[in-house]
Amino acid sequence: MPELPDVVGFQRYLEATSLHQRVAKTRVNDGRLLEDVTAGRLARCLKGRRLEGTTRHGKYLFARAGEGWLLLHFGMTGDLHYWKGPGTDPDYAQVIFDFENDAHLAYINKRILGKVGFIHDMDGYIDRQGLGLDVLAGDLTGGRFAKLLAGRSGPIKARLMDQSLIAGVGNIYSDEILFQARLHPQTDASDLSADDIQKLYRVMRRVLRVAAGKGGDLGKFPRGYFLPSREKGAPCPRCGGEVTKIVVVGRSGYFCPQCQKPTY
DNA sequence: CGACAAGCCTGGTAGC
DNA sequence: TGCTACCAGGCTTGTC
């Protein structure tokens, strides 16, 4: 599920379960997930350390460990699971952190699209990844958002998902944002009025703030939100019309053709 | 069996 | 010509 609200959920989960426990051992079951680190070096970097706190940027989660940061990225199918005492590793546990208190934190990833790493310079890493401001960052103002979008073209859905512009909006939430902003997903970014952009900004921030508050749990979303109806043929929560599927830059998007009319 | 899936990355190209 | 911005396709493997 991992989009930003889910990563916020993982962040809270990690904070609630896994801080301040000394790492005894790090086990890597699939090295393809490791980024710029070997299993041996990852284990050495963490051995004897405690996870002392977390930071998030877009869909990346960082946990402070000694002089560096454990980096977790969840791809499309990543998850975390913590347990105490003996017990078998969960299915698809690709990296497992065994703590000295006989507790364990598993980084789970069914497909191998994701990353686990260890870095010393978090800001440098974010920079090298080319990530834009976090979508919930305090310094992402409406004016700043407008500047980021200025001169951009292509479907607005694609621009919202462009992590180099703004980090954290993925395929699912771009649909919710565009629904609430009443914009057709194919609307060209260069066709948006200044008012459109400010509305988009406000909606985007609110959607992600609300969703992050619920840890990405669609069942807890307020009435009228689109995502619980994100399914071909489902009734639009606003007008009852038929939710329609569309492919935009290779990703499937869902929208209500009645509420989100194209601006030809 | 093929199509598809919440992620990102790479390489090619259109257009300034 | 050179650089960017944009996009198609790929990665991976489980599910429908």
Side-chain angles (χ1 to χ4, degrees), chain A residues 1-11 28-36 56-62 71-80 90-95 107-117 119 125-132 134-135 147-179 185-192 204 207-208 211-212 214-219 221 225-233 243-255:
Chain A
M1 326 176 173
E3 280 200 32
L4 182 144
D6 309 285
V7 177
V8 170
F10 297 149
Q11 178 176 23
V28 175
N29 289 329
D30 196 323
R32 286 175 295 177
L33 284 154
L34 298 182
E35 184 181 53
D36 296 331
R56 182 192 57 74
H57 190 103
K59 301 167 193 167
Y60 288 77
L61 181 58
F62 304 89
L71 172 165
L72 300 173
H73 185 275
F74 299 91
M76 289 162 81
T77 52
D79 201 356
L80 292 177
D91 286 347
Y92 307 106
Q94 311 295 8
V95 182
Y107 168 88
I108 296 169
N109 208 322
K110 204 178 261 197
R111 296 174 217 155
I112 309 297
L113 310 175
K115 295 174 194 171
V116 175
I119 55 175
Y125 178 82
I126 289 167
D127 206 44
R128 283 193 303 281
Q129 290 297 307
L131 297 176
D134 184 88
V135 62
K147 272 189 188 148
L148 288 169
L149 233 38
R152 298 312 184 114
S153 63
I156 185 59
K157 178 173 170 66
R159 297 288 74 77
L160 286 177
M161 290 192 288
D162 185 343
Q163 303 298 298
S164 70
L165 237 45
I166 305 158
V169 179
N171 195 32
I172 296 267
Y173 283 93
S174 68
D175 283 353
E176 179 71 55
I177 292 163
L178 292 170
F179 172 77
Q186 293 272 32
T187 309
D188 197 284
S190 61
D191 289 340
L192 295 174
M204 175 179 79
V207 162
L208 286 172
K214 313 283 183 200
D217 184 346
L218 301 189
F221 280 16
Y225 267 57
F226 178 73
L227 288 183
S229 310
R230 188 182 184 271
E231 186 184 352
K232 193 177 171 194
V243 170
T244 301
K245 180 176 166 175
I246 190 177
V247 174
V248 182
V249 288
R251 308 303 302 278
S252 48
Y254 294 80
F255 73 110

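All chains are named by letter (A, B, ...) in the order of the sequence lines, taking the proteins before the strands, and each is independently numbered beginning at 1.
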Query raised in the report: Can a donor-acceptor pair under 3.5 Å be found between the side-chain atoms of Arg111(A) and the base atoms of dA5(B)?
Result: yes
Query - Candidate nucleotides dC7(C), dT12(C), dA6(B), ranked by approach to the side chain of Ala158(A) - the nearest - result: dC7(C)
Query raised in the report: Within the side chain of Asp134(A), is there an N or O that forms a donor-acceptor pair under 3.5 Å with the backbone of Gly58(A)?
Result: yes
Report task. Look through every strand shown and name the nucleotide pairing with dT13(B) as Watson-Crick or G-U wobble, where both distances are under 3.5 Å. Result -> dA5(C)
Query raised in the report: Which nucleotide, dA6(B), dC9(B), dT12(C), lies nearest any side-chain atom of Gln129(A)?
Result: dC9(B)
Query raised in the report: Closest to the Pro155(A) side chain: dT12(C), dG7(B), dC7(C)?
Result: dC7(C)
Query raised in the report: Taking a pair as Watson-Crick or G-U wobble with both distances under 3.5 Å, which nucleotide is matched to dA6(B)?
Result: none
Query raised in the report: Hey, does the side chain of Thr77(A) come within less than 4.0 Å of dA6(B)'s phosphate (OP1/OP2), counting only N and O?
Result: no
**Report entry** Check: Ala93(A) main-chain N/O paired with Asn29(A) side-chain donor or acceptor under 3.5 Å
**Finding:** yes
Query raised in the report: Does a donor on one side chain and an acceptor on the other come within less than 3.5 Å for Ser252(A) and Lys245(A)?
Result: no
Report task. Give a yes/no on whether any side-chain N or O of Arg230(A) is located under 4.0 angstrom from OP1 or OP2 of dA6(B). Result -> yes
Query raised in the report: Looking at the side chain of Lys245(A), which of dT12(C), dA6(B), dC4(B) is the nearest nucleotide?
Result: dC4(B)
Query raised in the report: Distance check: side-chain N/O of Lys115(A) vs OP1/OP2 of dC9(B), anything under 4.0 Å?
Result: yes
Query raised in the report: Backbone N or O of Ile172(A) within a donor-acceptor pair of the Glu3(A) side chain at under 3.5 Å?
Result: yes
Query raised in the report: OP1 or OP2 of dA6(B) less than 4.0 angstrom from a side-chain nitrogen or oxygen of Ser252(A), does that happen here?
Result: yes
Requested in this report: Can you tell me, in whole Å, how much space there is between the P of dG9(C) and that of dA3(B)?
Outcome: 14 Å
Query raised in the report: Do the ring planes of Phe226(A) and Phe179(A) sit parallel (below 30°), tilted (30 to 60°) or perpendicular (above 60°)?
Result: parallel
Report task. With the side chain of Tyr92(A) defined as its heavy atoms from C-beta on, choose the nearest nucleotide among dG14(C), dT12(C), dC8(B). Result -> dG14(C)
Report task. Could you check how far CG of Leu113(A) sits from P of dT10(B), rounded to whole Å? Result -> 14 Å
Query raised in the report: Taking the side chain as C-beta and beyond, is there a heavy-atom pair between Lys157(A) and Ile246(A) under 4.5 Å?
Result: no
Report summary line: Rounded to whole Å, CD of Gln163(A) lies from P of dC7(C) at a distance of 15 Å
Requested in this report: Identify whether any heavy atom of Gly170(A) sits under 4.0 Å from a base atom; if not, whether one sits that close to sugar-phosphate; answer base, sugar-phosphate or nothing.
Outcome: sugar-phosphate
Query - Nucleotide nearest Met76(A) (side chain, heavy atoms from C-beta), chosen from dG14(C), dC8(B), dA5(B) - result: dA5(B)
Report summary line: From CD1 of Ile156(A) across to C1' of dC6(C) the rounded distance in Å is 14 Å
Query raised in the report: Which part of the nucleic acid, if any, lies within reach of Arg251(A) when heavy atoms closer than 4.0 Å are counted: base, sugar-phosphate only, or nothing?
Result: base
Report summary line: Asn171(A) has its side chain closest, among dC7(C), dA6(B), dC11(C), to dA6(B)
Query raised in the report: Any idea which of dC7(C), dA5(B), dC8(B) is nearest the His73(A) side chain?
Result: dC8(B)
Report summary line: Side-chain contact check for Val249(A): nearest option of dA8(C), dT13(C), dA5(B) is dA8(C)
Report summary line: Between CG of Asp36(A) and P of dC9(B) the distance, given in whole Å, is 11 Å
**Report entry** Gap between atoms CG and C1', on Leu4(A) and dG7(B) respectively (whole Å)
**Finding:** 13 Å
Query raised in the report: At under 4.0 Å, does any side-chain N or O of Lys59(A) touch on OP1 or OP2 of dC8(B)?
Result: yes
Query raised in the report: Which of the following nucleotides, dC7(C), dA5(C), dC9(B), is nearest to the side chain of Arg152(A)?
Result: dA5(C)
Query - Integer-rounded Å distance: dT4(C) P and Asp162(A) CG - result: 15 Å
